[in-house]
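This is a predicted model, so every value here is computed, not measured.
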Amino acid sequence: MHKDIFTGLIQRMNLKRKLIWTYCLITTIPLLAVAVFMVSRMTADAQKETSQHADQLSHQVGDAMDVYMGIFRELMDYMVESMESESDLPDADELLLRRHQNIIDTYPEIVGIAVADEDDRFLGTGMKRISKDYLGNEEWFLKAPGKGEGIEVLNSSEGKIVITNEAYSADQIFSVMGTGEIGGKKTVILMDIKKDVLKSLIESVSANTDSFVFIEDANGEIVYTPVNPIVYRIDNKGLNISDGEQDRITIQGNEYLMSASVEKESGWKFISVTSLLGQQRKVARLYLVSICSTVIVLLVVVWISNRLAESFNRPIQKLTQKMQLVEQGDLSVRANLKYHDEIGTLGKNFDHMLDKMNMLVEDVQTEKQRTLAARLKSLQEQIKPHFLYNTLDTINWMAREHGADDVVKMVEALTNMFRLGLSQGKDYITVCEELEHVRNYLYIQSVRYEDKLTYEIDADEDCMDIVIPKLILQPLVENSIYHGIKLKKKGGSIKVSTKRDENTLYLTVYDTGQGMSEEELANLKEIIDAIKEGEQRSFGMTYVIERLKLYANEGFDIDVDSIQGEYTRVSISLGIKEDGNV
């Protein structure tokens, strides 16, 4: 059903529309395939780029924090070594406090440094003790690493009895601890550092306003977070992602990509949060650009297809219009297509065909005029034989009354010639009638030339009823007399014979007259060939050949053979049709 509808639609389309649809389909299908492939590829690349950016952001902050913690570790090692080496000096405490102050002056993010040992001894620079409770029970003292094990980081200073001189809230400070040994006693160095350094660190790495980083400690507590409404809406699932993992979350209808990286020294987890709105906008722009590009390309394809189809359709329409004019009978039109392709060749063949048709029409008109003229001439010529025939009949009766038998015989022969020549207006007679006409003609000529001319007619009985064009033997016999017998002093004889061989009739006129030289024979054969091609030469031979052409088309042949001073033979061969006619 659908196939029939589709076929019907195609059949009702003109050539121009078919070409346009064909060009558009051929172009559109691969274009759409390429567009879909490119958009999907670019979308995947955008997603990959966003994922790499999120992962890179968390790792860059973590790596920067590693470097920063390395600096603190080196400072801590330096302070431990200096403290241990200077412990026996009388001004060791003074040197210790001066060194701590130099470090604070060099690193403004360090707001205070304190030293405490197992004996509850305390020294502070920028820090003070607010309680007499035993320092060895403090969380920071207990979590301090063993000697030579690096540093330990404490997220908050909340609950400490050692605080900075300046007023900082607990969530504005994080602490770094290192451990040494003085006099065989565990001695812990405590540094309080402003969390602003984390903000600066993150901002130095992340320049994208669609992304931010927040920090968790090893216990899952928030170390640092920027001030924005997004971070506080992240659920526990988002907070529990592991090192190197990524996860998508949706907050207030917007999608975000989270990526985690854990810093080795502190064990803190750096979680980058990247908005996917930019990626979605980028993908939307890709789709929009792809759709616009596809539409523009399609419009260009339609325009080009229309021009190409028009280049095909215009000459075909012109040729069709010319054909319609020809169909109406106007053979003077010409396509005149100025193209060098197959359509141009078609137009040239069309013009050539019209030229041929005009030539054929002219030939037909010429032939009609010739036939009409011949018929008119034939009618004019028949008027004379009718009149002569009637006159000779009167002379014949007058000769009988006076007993002139030789005159009677001559007149009867001439009368029979005219009667057979008229043949009641028929153009075709039997071989028997044609031979009778030749016999009467030869009798008259034999009387005229007396003993100089003898003749013989030899005809097979199976040839007598075959129909042939009338008066084709008499002109040949006449040529034999006037160009052969008459020119020979002793005269000669003429033999007319007919013979049938299966489907071929042979008519022969043989004379023992003057004959022809080789040059004359060749010239006569050339004249016969020219007459066959339509030229007008010898009247008698032209008459015979034209009659044979009209009757048998190409189904005949004339052959001439002669030896000068001996003979001339003219042979005609005609094909016999199945009904017995030629």
Side-chain angles (χ1 to χ4, degrees), residues 360 363-364 366-368 370-371 373-375 377-378 381 420-421 423 425-439 441-442 457-484 494-511 516 520-562 567-582:
L360 291 173
D363 291 344
V364 170
T366 302
E367 189 63 30
K368 285 183 178 179
R370 288 175 59 187
T371 303
R375 288 182 178 178
K377 184 176 181 181
S378 177
E381 293 297 327
L420 292 171
S423 302
K426 295 187 295 183
D427 288 329
Y428 306 104
I429 58 177
T430 63
V431 172
C432 181
E433 291 173 321
E434 178 71 12
L435 292 177
E436 180 65 21
H437 178 78
V438 172
R439 184 180 287 107
Y441 176 76
L442 285 171
I457 296 177
D458 180 18
D460 292 347
E461 288 298 325
D462 57 355
C463 300
M464 293 302 174
D465 294 330
I466 298 175
V467 177
I468 61 173
K470 69 179 181 180
L471 303 180
I472 59 172
L473 290 177
Q474 187 264 333
L476 300 180
V477 172
E478 185 175 346
N479 284 340
S480 295
I481 293 173
Y482 287 101
H483 298 291
I494 295 176
K495 182 178 180 179
V496 179
S497 60
T498 65
K499 185 174 64 173
R500 177 174 182 168
D501 181 12
E502 294 182 354
N503 294 324
T504 305
L505 174 67
Y506 296 97
L507 305 172
T508 305
V509 177
Y510 175 85
D511 70 79
M516 291 178 285
E520 290 173 333
L521 179 61
N523 184 53
L524 177 58
K525 289 184 177 181
E526 182 181 344
I527 290 174
I528 292 173
D529 291 336
I531 295 172
K532 286 182 179 181
E533 295 297 326
E535 295 185 19
Q536 298 290 326
R537 295 292 184 93
S538 169
F539 176 78
M541 191 61 72
T542 300
Y543 175 82
V544 172
I545 293 175
E546 287 292 331
R547 302 274 297 171
L548 291 173
K549 283 178 65 177
L550 289 174
Y551 189 74
N553 196 10
E554 300 297 330
F556 75 96
D557 190 24
I558 296 181
D559 183 56
V560 180
D561 183 25
S562 181
Y567 71 89
T568 299
R569 181 189 297 109
V570 179
S571 300
I572 299 175
S573 60
L574 289 171
I576 302 174
K577 298 181 180 179
E578 293 181 358
D579 59 359
N581 296 332
V582 182

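Legend: residues meeting side chain to side chain donor-acceptor pair (under 3.5 Å) with Ser562, ordered by chain and number and at least two apart, are Thr568. Under the ring pair (Phe, Tyr, Trp, His ring centres under 6.0 Å) criterion, Tyr567 pairs with Tyr510, not counting sequence neighbours.
To the nearest 0.5 Å, atom CG of residue Asn523 and atom CD1 of residue Ile528 are 10.0 Å apart. Summarising the geometry, atom CG belonging to Leu574 is positioned 12.5 Å from atom CG belonging to Asn503; distances are rounded to the nearest 0.5 Å. A distance of 10.0 Å separates CG in Leu524 from CD in Glu526, rounded to the nearest 0.5 Å. Atoms CG and CD1, on Leu473 and Ile572 in that order, are 6.0 Å from each other to the nearest 0.5 Å. Atom OH of Tyr428 is separated from atom CD1 of Ile466 by 16.0 Å, given to the nearest 0.5 angstrom. The CG atom of Leu442 sits 14.0 Å away from atom NZ of Lys495, with the distance rounded to the nearest 0.5 Å.
Remark: side-chain polar atoms of Arg439 are not paired, donor with acceptor, to backbone N or O of Tyr441 under 3.5 angstrom. Gln474 places no side-chain N or O within donor-acceptor distance of the main-chain N or O of His437, the cut-off being under 3.5 Å.
The only option from Leu548, Leu505, Ile576 that meets the side chain to side chain contact (heavy atoms under 4.5 Å, CB included) definition with Ile468 turns out to be Leu505.
Between Leu435 and Ile457, the shortest heavy-atom distance links the atoms O-CD1, 3.9 Å. When all heavy atoms of Ile429 and Glu434 are compared, the pair lying nearest together is CD1-OE1, 3.3 Å. Nearest heavy-atom pair across Asp511 and Gly484 is OD1-CA, 4.3 Å. Residue Leu521 comes nearest to Met516 through the heavy atom pair CD1-CE, 3.9 Å, listed as atom of the first residue, atom of the second, then distance.
Ionic pairing of Arg569 and Asp561 is present here: one or more N-O contacts between side-chain nitrogen and carboxylate oxygen are shorter than 4.0 angstrom.
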